[in-house]
Visitor: 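Quick one: this structure, given as structure tokens, is what I'll be asking you about.
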Amino acid sequence: MENNELLIFIDDKDKTDEINSIELINEKYQISFTTSEKTYSYGINRIKTLKLNKKINPETHIIKINNSGKSDIKAILDYGSVYKIIFDNNQSRLYEPAEVSIENNCLCLPHIKKLFACFGEIAHNVGLESNNTNLLKIQYDKLTQISEESIVSQYLDSTSNFEPILFSDTLIYPFGINQSQKIAVEQAFSSRASIVQGPPGTGKTQTILNILANILCQGKTVAVVSNNNSATQNVVDKLSKQELSFLTAFLGSNEKKTQFIEKQQAQYPDMTDWQMEEEEKALLLSEISNLTQEIDELFYAKNRLAEIEQEFLTLTPEQHYFNEYYQSLQNVFTVPAKNLTVKTILSLWLEFEKYAEKEKKPNIFQKIFLFFKFNRQVLKLFAHSPAEVIPFLQREYYTAKFTELNTEKEQLSTLLEEKNFSDKNKELTKKSIQYFKAVLANKYDFENERPHFELSDLKKNSDSIIAEYPIILSTTHSVRNSLSSDFIYDYLIIDEASQVDLVTGTLALSCTKNIVVVGDPKQLPNVIASNKIQALEAIQKEFDVAPQYRYTAHSLLSSIMEQWRNIPVTLLREHYRCHPKIINFCNQKFYNGQLIIMTEDRKEPEVLSVWKTSPGNHARDHINIRQIDIITQELIPKMEKSSYKSIGIIAPYNKQVDEITHAVTETVHSKPYEIDTVHKFQGREQDAIIISTVDNAITEFVDDSKMLNVAVSRAVKSLTVIVHDKAQNGHTNHADLIRYIQFNGYELKTSNIRSVFDLLYSDFNTERKKLLQKHKRISEYDSENLMFALLQNILQKEEFISFSCTPHVGLAVIFKDMSKLNEREKNFVQNPCTHTDFLIISKMDKMPVLAIEVDGVAYHRKESIQHTRDMLKDKIFRKYNLPLLRLRTNGSGEQEKIETCLKQFSDLIY
């Protein structure tokens, strides 16, 4: 029967292709065959017929027979309880449903097919070349089928999202754990896709290892990939320490696959001591669960202790600089208020600022309120002026803050000691590794020789390979070629994902059901050659690519973060690598203070240092000889005498790297020096790092925040930065690093700020707050507070010591004789709200010398009402020959202008 609408069995044997006709007459089947003209009669019980449910197009589906992919299928017919498969040679065969796997080919979906074609074109432009062959383009050309089970089908569908997975199994942590790592491991099994953001030194590899252990305990398969082999080698090295490297197979390129086959282990490790009975394993897992819950409650205390140490590091230099300021004050006084809490001090501070702005003391009702809010002792403070009390409160704040932090530190330390946190954490690790090894001992027949594989088995017997080596290691662009082309891993872990581009990343996503993406968006992305960008953007425009899939704008990490906004994202917060003073720069500058620094500050000298070249145009063609001189003649001699075991020298340009390498290797050294660009240093660390910035004026390329973050965070014990002595460096990320180093007491250098109002802008918000903390606040406007701070500094100079400054002086106080004013001007002067921002007077006779107005650009624009008032005020001051200096917040040279006016007044006197 040629139409295949009916499948006919006679005595349970398929005779469909042999039957010419079939008819049911009087409870009997009358059947004629193609080999005879005779009609045969069969009882109903001997005949079984199946109607065709549907025809399945092999071009739009992926067909596997007994887990083996088939590409020679002409048609597949679904009869419900059986499949009939017709092959290209017109041979046909019936299969039970359990023998056949049918999956949709997501490349047949128009929107995915289009995007995949775009990536194929990009691969043609940027693909890896080997022997004049574009390996990446070849992979795209060969790939005509991708299972809808692979996560790439969701990734390339801009509307896709994931529902949370309810995972209730007990997780184990055989490689140690902290709070954020524990969350990351849990999140890896709560969704088909999850992201682990791993800033430098936060234990990414340790997190990956714990995820791997739990994947293997579930009997699942996994591949670990990155853009380079060094990241995946870290996984093998740490597994080796627990005798677990036998679980891994380094595959990918043909060379790696050949090495694996040639060096495969003939024997398993001895797992005799790993074995456990099932009941013993169940009990051990229960103990792990209980320990995890106990430790989970103590992680906060452990992390809070580290945060307190961070606060000490920040507060100590702040207090030092404040004390210098406080000792310079003339109105220092002693008050009876003692043992004030931080909360009380801050509340009092706000109260005094309020009365300072109103320029009046609290009335009787306000005093009653203050009495109940504070106490009788504190109330006595309000007998003094805000100018006296606020600095006192600021000083008391530091004392109280240190006291409260020390008290909290002692309480937390006692809690952790009483609860045996350290011992329990070690016990959790020990029991977890015991359980993990027991699972492995149960899986492997370790008393016999290990199966030996041939190179062809990687493609033909992928299931057998993965059963023996459940952790496949590869590069991102080669993982799909590691085993058979249709093999799909249960999990794929992508390390250093910020450096993985979309084309290679998409290939990797096409061979896995679930992904854990590990990377740091604050570190270096994949680099695109500048001469390729125009062509790549043209391709993206031609295919009308959605923003999250733009190759020129995204790494795989940033693309996935953009595509799936609701998947779990865990920031690994606990940092274990760098000296606290080194990593705290990155923490504050790049990570918004979210890192918890677990390393200790032991007051080591010269942790941070800045070396400046003398003024001059030293950089030529991305080479700076003067900086190389500093390295070879001053820094290396110091390094030779140090205890550092490894020293790295980082430069932004290859030419400088080459010149430094040549200069350093000219002489024999007792220390190893690694010299490279920052891109090559990502993922590495050194005891000491020297950064050569090269540029005379820091360029946008050198000042890239991600480059600086990576460069600084390579240093474990010591960081040295070499910069040019040039004013342009004052508005860069590198300048922030220099200011940070200076603030921590390692460099004494006065910042050459051209305008005090530069501190008003957001880039300098932190610096502005630091400055304002050291000076009395006299206004709600930071611009006036900054000006008051500048005036205080000016009037401390010997040549201006005879002057003093008062903020917010009413015009009625200045111009008591109003005989020179018309009626409008008199009304203006007598208005109690009319004042000058600052009035400088002579200490000798209290006579006004100079009035200063701080004009905000928007508020004092020419068409505003305020501008009209400004003109009237200027006219009044001219009538009395009293200088009035207006300083706009977008101007510069304020100090010079003020000092010039004061000098002119002094010249008139003398």
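Side-chain atoms are counted along with the backbone in the values below, which use heavy atoms only and exclude waters and symmetry mates.
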Visitor: Side chains of Q310 and N587: does their closest heavy-atom pair fall under 4.5 Å?
Guide: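 When only atoms from C-beta onward are counted, N587 and Q310 do touch, with a gap below 4.5 Å.
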Visitor: Going by distance alone, is a donor N or O of one side chain under 3.5 Å from an acceptor N or O of the other, for Q187 and S190?
Guide: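 Per modelled atom types, Q187 and S190 side chains form a pair under 3.5 Å.
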Visitor: Distance-only, no hydrogens or angles: does the N709 side chain make a donor-acceptor pair with backbone N or O of K522 under 3.5 Å?
Guide: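 Yes, because the side chain of N709 sits within donor-acceptor range (under 3.5 Å) of the backbone of K522.
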Visitor: More than 12 heavy atoms of other residues, nucleotides or ligands under 6.0 Å from CD of E297: yes or no?
Guide: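 No.
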Visitor: Could you state the interatomic distance from CD (E318) to OH (Y397), rounded to the nearest 0.5 Å?
Guide: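 Going from the CD atom of E318 to the OH atom of Y397 covers 7.5 Å.
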Visitor: With salt bridge (Lys or Arg N to Asp or Glu O under 4.0 Å) as the criterion, how do K897 and E894 come out once you've worked through the C-alpha distance, each side chain's angles and the decisive distance to 0.1 Å?
Guide: CA-CA 5 Å; K897 291 174 183 176; E894 293 78 20; 5.7 Å; no
Visitor: K182 versus T292: any side-chain heavy-atom pair under 4.5 Å?
Guide: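 Yes, side chains in contact.
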Visitor: Contact between S643 and D687 at the side-chain level, heavy atoms closer than 4.5 Å - yes or no?
Guide: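 Answer no - side chains too far apart.
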Visitor: Would the number of heavy atoms belonging to other residues, nucleotides or ligands and lying under 6.0 Å from CD of Q796 be above 12?
Guide: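 More than 12 heavy atoms, drawn from other residues, nucleotides or ligands, come within 6.0 Å of this atom.
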Visitor: Report yes or no: does Q181 contribute a side-chain atom to a donor-acceptor pair with the main-chain N or O of T202 at less than 3.5 Å?
Guide: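 Between the backbone of T202 and the side chain of Q181 there is a qualifying donor-acceptor contact (under 3.5 Å).
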Visitor: List in chain and number order the residues that pass ring pair (Phe, Tyr, Trp, His ring centres under 6.0 Å) with Y576, two or more places apart in sequence or in another chain; answer none if no residue qualifies.
Guide: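 Applying ring pair (Phe, Tyr, Trp, His ring centres under 6.0 Å) to Y576 gives none.
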Visitor: My understanding is that only residues two or more places apart in sequence, or in another chain, count here; which of them pass side chain to side chain contact (heavy atoms under 4.5 Å, CB included) with E685?
Guide: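 Partners of E685 under the side chain to side chain contact (heavy atoms under 4.5 Å, CB included) test: R577, V716.
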Visitor: Are side-chain heavy atoms of E408 and E311 found at a separation under 4.5 Å?
Guide: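 Contact flag for E408/E311 side chains = no.
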Visitor: Sequence neighbours left out, what passes ring pair (Phe, Tyr, Trp, His ring centres under 6.0 Å) with Y300? Give chain and number order.
Guide: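 Per chain and number, Y300 pairs via ring pair (Phe, Tyr, Trp, His ring centres under 6.0 Å) with no residue.
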Visitor: Which is it for Y740 and K589 under the side-chain contact (heavy atoms from CB on, under 4.5 Å) test, yes or no, and what are the steps along the way?
Guide: CA-CA 10 Å; Y740 171 84; K589 176 73 177 174; over 6 Å; no
Visitor: Supply the atom-to-atom distance Q742 CD to I738 CD1, rounded to the nearest 0.5 angstrom.
Guide: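 Q742 CD to I738 CD1: 7.0 Å, rounded to 0.5 Å.
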Visitor: State which residue, out of F392, Y321, F322, Y326, fulfils the ring pair (Phe, Tyr, Trp, His ring centres under 6.0 Å) condition with Y398.
Guide: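 Only match with Y398 under ring pair (Phe, Tyr, Trp, His ring centres under 6.0 Å): F322.
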Visitor: Centre-to-centre under 6.0 Å for F585 and F590, is that the case here?
Guide: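 Yes, they do, as the ring centres are separated by less than 6.0 Å.
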Visitor: Please find the pair of heavy atoms, one from A715 and one from C578, that lie closest to each other, and give the distance.
Guide: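 That closest heavy-atom pairing would be O-SG, 3.0 Å.
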Visitor: Excluding sequence neighbours, so at least two apart, what forms side chain to side chain contact (heavy atoms under 4.5 Å, CB included) with K302?
Guide: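 Side chain to side chain contact (heavy atoms under 4.5 Å, CB included) check on K302 returns L416, F421, M598.
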Visitor: Taking NZ, NE, NH1 and NH2 as the nitrogens, is one of them in E307 or R304 under 4.0 Å from a carboxylate oxygen of the other?
Guide: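 Salt bridge present between E307 and R304.
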Visitor: In chain order, what residues pass the ring pair (Phe, Tyr, Trp, His ring centres under 6.0 Å) check against H835, with sequence neighbours excluded?
Guide: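 For H835 the ring pair (Phe, Tyr, Trp, His ring centres under 6.0 Å) partners, ignoring immediate neighbours, are H808.
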Visitor: Minimum heavy-atom separation for M787 to I898, with atom names?
Guide: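 What the structure gives for the nearest pair is SD-CD1, 3.8 Å.
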Visitor: Please give me the minimum heavy-atom distance between I582 and S718, naming the atom from each residue.
Guide: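 So the minimum-distance heavy-atom pair works out to CD1-N, 3.7 Å.
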Visitor: With side chains defined as the heavy atoms from C-beta onward, is the minimum distance between R573 and Y591 less than 4.5 Å?
Guide: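 With C-beta onward as the side chain, the pair stays apart.
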Visitor: Distance only, no hydrogens: is a donor on one side chain within 3.5 Å (strictly under) of an acceptor on the other, for T344 and T341?
Guide: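 A pair is found: one side chain offers a donor N or O, the other an acceptor, under 3.5 Å apart.
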Visitor: Taking C-beta and beyond as the side chain, do R602 and H579 meet within less than 4.5 Å on heavy atoms?
Guide: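 No, side chains not in contact.
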Visitor: Passes side-chain contact (heavy atoms from CB on, under 4.5 Å), H320 versus T316? Steps please.
Guide: CA-CA 6 Å; H320 168 77; T316 299; 5.9 Å; no
Visitor: Give me the atom names and distance for the closest heavy-atom approach of T570 to S180.
Guide: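 Distance-wise, the nearest heavy atoms are CG2-O, 3.5 Å.
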Visitor: I'd like to know whether E574 forms a side-chain hydrogen bond (donor to acceptor under 3.5 Å, both in side chains) with N303, so could you lay out the CA-CA distance, the side-chain angles of the two residues, the decisive distance to 0.1 Å, and finally the verdict.
Guide: CA-CA 8 Å; E574 296 86 344; N303 284 1; 2.9 Å; yes
Visitor: CD of E417 to CG of D423: how many Å apart, nearest 0.5 Å?
Guide: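 That separation rounds to 10.0 Å.
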Visitor: Out of curiosity, F312 CZ to L405 CG, how far, rounded to the nearest 0.5 Å?
Guide: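 Separation between the atoms: 5.0 Å.
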Visitor: For the pair T407 (side chain) and T403 (backbone), establish whether a donor and an acceptor sit closer than 3.5 Å, ignoring hydrogens and angles.
Guide: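 The answer is yes, because a donor-acceptor pair under 3.5 Å joins these two groups.
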Visitor: Search all heavy atoms of V854 against all heavy atoms of D837 and return the closest pair with its distance.
Guide: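 In this case the closest contact between V854 and D837 is N-OD2, 2.8 Å.
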Visitor: Taking all non-hydrogen atoms of both residues into account, name the closest pair between R714 and V710 and its distance.
Guide: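 Minimum heavy-atom separation between R714 and V710: NE-O, 2.8 Å.
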Visitor: I want to check something: taking the side chain as every heavy atom from C-beta on, are F800 and C805 in contact at a cut-off of under 4.5 Å?
Guide: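 The answer is no, as the side chains (C-beta and beyond) never meet within the 4.5 Å cut-off.
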Visitor: Nearest 0.5 Å, please: how far is CG in L291 from NZ in K431?
Guide: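 Separation between the atoms: 6.5 Å.
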Visitor: So I177 and N425, side-chain contact (heavy atoms from CB on, under 4.5 Å) or not? Walk me through it.
Guide: CA-CA 8 Å; I177 202 70; N425 204 3; 3.9 Å; yes
Visitor: Check side chain to side chain contact (heavy atoms under 4.5 Å, CB included) between K706 and all other residues, then give those that pass, not counting sequence neighbours.
Guide: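 By the side chain to side chain contact (heavy atoms under 4.5 Å, CB included) rule, K706 matches L524, P525, D704.
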Visitor: What's the separation between atom CG in L313 and atom CG in N744, rounded to the nearest 0.5 Å?
Guide: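 Here the interatomic distance stands at 7.5 Å.
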Visitor: May I ask you to decide whether K424 forms a salt bridge with E294, counting only side-chain N to carboxylate O separations under 4.0 Å?
Guide: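 Here K424 pairs with E294 in a salt bridge, since their nearest N and O are under 4.0 Å apart.
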Visitor: Answer yes or no: is there a side-chain heavy-atom contact under 4.5 Å between I794 and L902?
Guide: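 Side-chain contact under 4.5 Å: yes.
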Visitor: Check this for me: E604, atom CD, are more than 12 non-hydrogen atoms of other residues, nucleotides or ligands nearer than 6.0 Å?
Guide: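 Yes, enclosed.
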